[in-house]
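Lettering follows sequence order; numbering is per chain, from 1.
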Amino acid sequence: MDNILQGLNAAQRTAVESPAAVLQVLAPPGSGKTKTLTARVAHLIAHRQLLPWNIIVCTFTVKAANEMKERIKSFVGDELAKQLKLGTFHSVALRYLKHYGQHIGLAKDFGIADTSDSKAILKRIIKKLGMSIEPGQALGRISSRKAKGETDSKPEKGPKSVDQQEFLRLFEEYEATLAASNLLDYDDLLLRCRFLLKSHPQCVSNVQAVLIDEFQDTNNIQYELMGLFAQQHNQITIVGDPDQSIYGFRSAEIKNLTRMKKQWPDTITINLEENYRSSGAILHAAQNIIEQDESRPPKKLQATHTFGLRPVLRKLPSAYAEAEWLVSEIKRMRALCGNSIELNDFAVLLRSAALSRAIETALGNTGIPYRMVGGMRFYDREEIKLVVDYLRVIHQPDNSEAVERVINVPSRMIGEATIKKLREEAQSKGVSFWSLILDISQGRRAAPMKLTEPTSKGLASFVNVILGGRKKVEAWSTEPPSVTGLINLVAQKIGLEAHLRRKHTGDETFEARWSNVEELMAQATEITAPGKLNELVESQGLPQIEGFDQTPESNEDVLSVFLANIALTASAEKKAEEDGEKIQQVTISTIHAAKGLEWPVVFIPACYDGSIPHSRADDHDEERRLLYVGMTRAQALLYLSCPIKNTQREETTISAFLTHPGAGRFFEEHGPSLPSSAVASLCTTLRRDCPTETCISETRKTLESDEDNHWPLNGEEVFADSSRWDSSTATTALPGFGTARNIPTVQASSLHQPQSYSTASATMKPGFTSVKERYDDLMEQAQLRKVDKRAEEQKTSEEAPKGRKRQIEGQGTIASFFAKKQRSSAEPSAPSQPSLKNSRPLQAMSASAANKHTPSAPAARPPLPTHKPRSAPLTRKPQKPVDENDASQDRYVFLSSSPRKGDDEPPVPHDDEGEATAKTGDTTPIFRPASTSHATSMTSVTTTRKTLGVRRSLQGWSARKS
DNA sequence: TCCTCCTAATTTTTT
DNA sequence: ATTAGGAGGA
């Protein structure tokens, strides 16, 4: 237990051991925030003798909660860690409401309304009242109103606008509907808990310490809850970073930091300043972005790693090209590092989940496994929702929302009109929808209108399903509970399999959907396992307060716990490992969901205006922080990219954050070459062993090209008109390359080789030809050539449309390109050439030399079309004349790998040697990508083996179609 | 009145 | 790709 302080720096130690009652730890990205918080928890238990069940720890996401629990376990052991009251704000609040809700008049079996419930309710009310608000928007307004937490009877000042009045009416109806179905929405969980703790402080009389993670994301209610939790001893620790506040849309208040200082004037603030995650280059770039916000108080952030490789800002023609480029860079990086970077090490972070499509397609086409975090949730899938809704009805039949949703699925001849009548009848009689139809079907009550024969049969069968389910649950008091059994029962009674099959004949999704249902059953089995059950009850429990009643737990609560877990997105996600082995897969995630995580290589695609300052966002500072958060997830390599045209084929402009004056010099405009020095530096940042030369040369043979040179740097289509290139400046500006530490770079006037990309632009399948496919073509062609030169030539011309198009950038690139080409033509499947890294010509190849090579270039390249100029120039002429002093050209001008004079970057060499390697042995990296902790958040299961096939085939289908 | 097939629109971020 | 909504048939 005394290893608590081990591996902490001075500031972290101070924070952990601080005797302060109220403590703020301000921790920038990668500074060991979670480490510090968990160590403090451990410290409180081990050295201050606090009892774990008297400590409340709140996080914002399930993922963070799980991760924190794991870490604390490693300090104080499983037993103690389990007893902590640790979870998301919502789950902790739920716990209190479950146990003490009776004291504030809460019915004991309330359900939780998730977003879709809320939306459905609102939609109905809006329709009924003939309003014109969008349900989603209305929900947002309601939620933010609730989150602000002003007491409901807030006096309205001034004359209410019509709009306002309408909204209030909607609000009222919404609340009434929730109450009628005995539901609480997410905000209600917090609001009711606040009410409970205010009116019954004894609930938390045991609490000795409260710790909050990501404090900058608290809204008013959460802030108040924190204070209420701690009302007995006022012992509070928070960690947070105003720069990482990205939940303003959820009413997070950065102001809470200062509010806290006011409320507890002896608050101590400790700043962590050292970043242990990212390379210097990444950190500087990120810092530059965040500092564009001038209202932000300046803050120190010290890099502890080498400068490393400069982040990349890459332009590409389209979202599809961007996706393919991304995939090719993943492959290239892996190969050039001798596969010492694994798929788990890559993350693609997106502003919005919807942007994932092109990337998923590209990864799918190449066969690279991936997982999508966020986006479509597992529990949001049609078939899962259906089953879960049945469970909800069984658990709580008075939940009319759920009843209405499932009563006619599968079809029972109970249509919209019938439902509407029944609903009105129930409302006017003051009974719930369920008890009305129960009475009707059992003949105790007359239907409000005549029901057709099939309709009343359908009604009876529905009632039957629910009653059967309820009976089963009641039986749990005498037999071991089995949610799986219940699901099975439901699935059988409603003929789920047949229903799904019928509904999805034609599309091929049935298999996947059915396997999702099976997955749900598997999860249910897990939660019902005897050991797990005890653990759950224990961890969800609250200490008994003398003289204050708790609602006791019973077996029938298993269902309740299962459903609550689903609503709060706890549990879930398929395990990241199968067959004992961790699955290697690329992570795709929203930036929001990536907070707190890190990966060696991070891609942030779609960095254009409208996406990263999102078109619907009104707080651009928050958008900037979002980009900052995304960038600071990267350890060694960061790629930003921007398609010149978005998915709607509209022109885009690069994010203003990246075109901000001065920002350009922090970026490279194409992916890095990786000479061995760079690989070494990269490995140092990642604290990994450097691969051997032979290993690298082995893997790099699989590459089509060593360089990021397939797509033009300016983002234009690959088959751009070649007349743009101008030979006159061909031999100028050859930056030194090939020296050990230099990464070949590109200048504004860099070299291009137009005649080598050639061919049949007209027949090129835009977007959908994968790199892999192209590569396979090359292989195939080369193979054929070996057999018969002539046949091959013919073949090549036939296949020309599929042939590789390319454009060469920069001197070093050209050299390596030719070397590479020679190699691959010599012996494509088993190249015997030594590593190019050292054999790469050090002398810049002259333009004419390069030209000479071109016609004799290897067979893999399709013949040049005759209509293209053969003696095309090597130098690309910028479309606009380059003025070296023009600041707007910044991006194109910086080139050498060492910073230019005047840059405020520290003069850190690329090599791993520099004194900036302040790495000391005491900082063991604990941060791991989500993929390695099995406690990841719920995600869609789209990428697990079974479903991937279907998904891919669908994508293929859609690709073919378009 | 209900079901099925077709077309059109849709995507910010999370509990 | 999914889903909502409308038209048309039973």
Whole angstrom is fine here: how far is it from [atom1] in [X] over to [atom2] in [N]?
X       : N       : atom1 : atom2 : answer
N565(A) : dT15(B) : CG    : C1'   : 13 Å
R381(A) : dT3(C)  : CZ    : C1'   : 14 Å
D217(A) : dT13(B) : CG    : C1'   : 11 Å
L355(A) : dT10(B) : CG    : C1'   : 14 Å
K457(A) : dT1(B)  : NZ    : P     : 22 Å
Q222(A) : dT15(B) : CD    : C1'   : 9 Å
L350(A) : dT14(B) : CG    : P     : 11 Å
R95(A)  : dT15(B) : CZ    : C1'   : 15 Å

>> Is it the case that atom CZ in F171(A) sees more than 12 heavy atoms from other parts of the structure closer than 6.0 Å?
In response: yes

> Does atom CD of E497(A) have more than 12 heavy-atom neighbours, drawn from other residues, nucleotides or ligands, at distances under 6.0 Å?
Replying inline: yes

I'd like to know if the side chain of [X] reaches the main chain of [Y], judged simply by a donor and an acceptor atom lying under 3.5 Å from each other, with no hydrogens or angles considered.
X       : Y       : result
R412(A) : I407(A) : yes
K595(A) : Q244(A) : yes
K33(A)  : G596(A) : no
T632(A) : Y628(A) : yes

>> For F89(A) and F229(A), take the angle between the two ring planes, folded into 0 to 90°, and tell me which bin it lands in: parallel under 30, tilted 30 to 60, perpendicular over 60.
In response: parallel

> How would you list, by chain and number, every residue that makes a side-chain contact (heavy atoms from CB on, under 4.5 Å) with Q396(A), sequence neighbours excluded?
Replying inline: N182(A), L183(A), N399(A)

>> Stacking between F89(A) and dT15(B), defined as ring centres under 5.5 angstrom apart with planes under 30°, is that present or not?
In response: no

Distances for protein N or O near nucleotides 6-10 of chain C N or O, under 3.5 Å:
none

> Stems in DNA chain C: runs of 3 or more consecutive Watson-Crick or G-U pairs, distances under 3.5 Å?
Replying inline: B:1-10 with C:1-10

>> A cation-pi test, strictly: NZ or CZ of K503(A) under 6.0 Å from the centre of the six-membered ring of F510(A) and no more than 45 degrees from its axis. Yes or no?
In response: no

> For dG5(C), does OP1 or OP2 lie under 4.0 Å from any side-chain N or O of K123(A)?
Replying inline: yes

> Side chains of H499(A) and S411(A): does their closest heavy-atom pair fall under 4.5 Å?
Replying inline: no

>> Tell me which residues in residues 110-120 of chain A lie within less than 4.0 Å of DNA chain B, going by non-hydrogen atoms.
In response: T115(A)

Nearest-neighbour nucleotide for the [X] side chain, [options] considered:
X       : options                  : value
L568(A) : dT13(B), dT3(C), dT15(B) : dT15(B)
S352(A) : dT13(B), dT15(B), dT3(C) : dT13(B)
T590(A) : dT15(B), dT13(B), dA1(C) : dT13(B)

>> What's the separation between atom CG in L520(A) and atom CD in E383(A), rounded to the nearest 0.5 Å?
In response: 9.5 Å

> If you round to the nearest 0.5 Å, how far is CG of L349(A) from OG1 of T590(A)?
Replying inline: 8.0 Å

>> Applying side-chain hydrogen bond (donor to acceptor under 3.5 Å, both in side chains) to N256(A) and T218(A), what does each step give before you reach the verdict?
In response: CA-CA 7 Å; N256(A) 283 343; T218(A) 46; 3.0 Å; yes

>> Judged by each residue's nearest nucleotide on DNA chain B, which is more toward the 5′ side, T88(A) or K421(A)?
In response: K421(A)

>> If the condition is ring pair (Phe, Tyr, Trp, His ring centres under 6.0 Å), which residues does Y174(A) pass it with, not counting sequence neighbours?
In response: none

Filtered N/O pairs between nucleotides 2-6 of chain B and protein, under 3.5 Å:
residue, atom, partner, partner atom, Å
dC2(B), OP1, G415(A), N, 3.4
dC2(B), OP1, T418(A), OG1, 2.1
dC2(B), OP2, A417(A), N, 3.3
dC3(B), OP1, S411(A), OG, 2.6
dC3(B), OP1, M413(A), N, 3.1

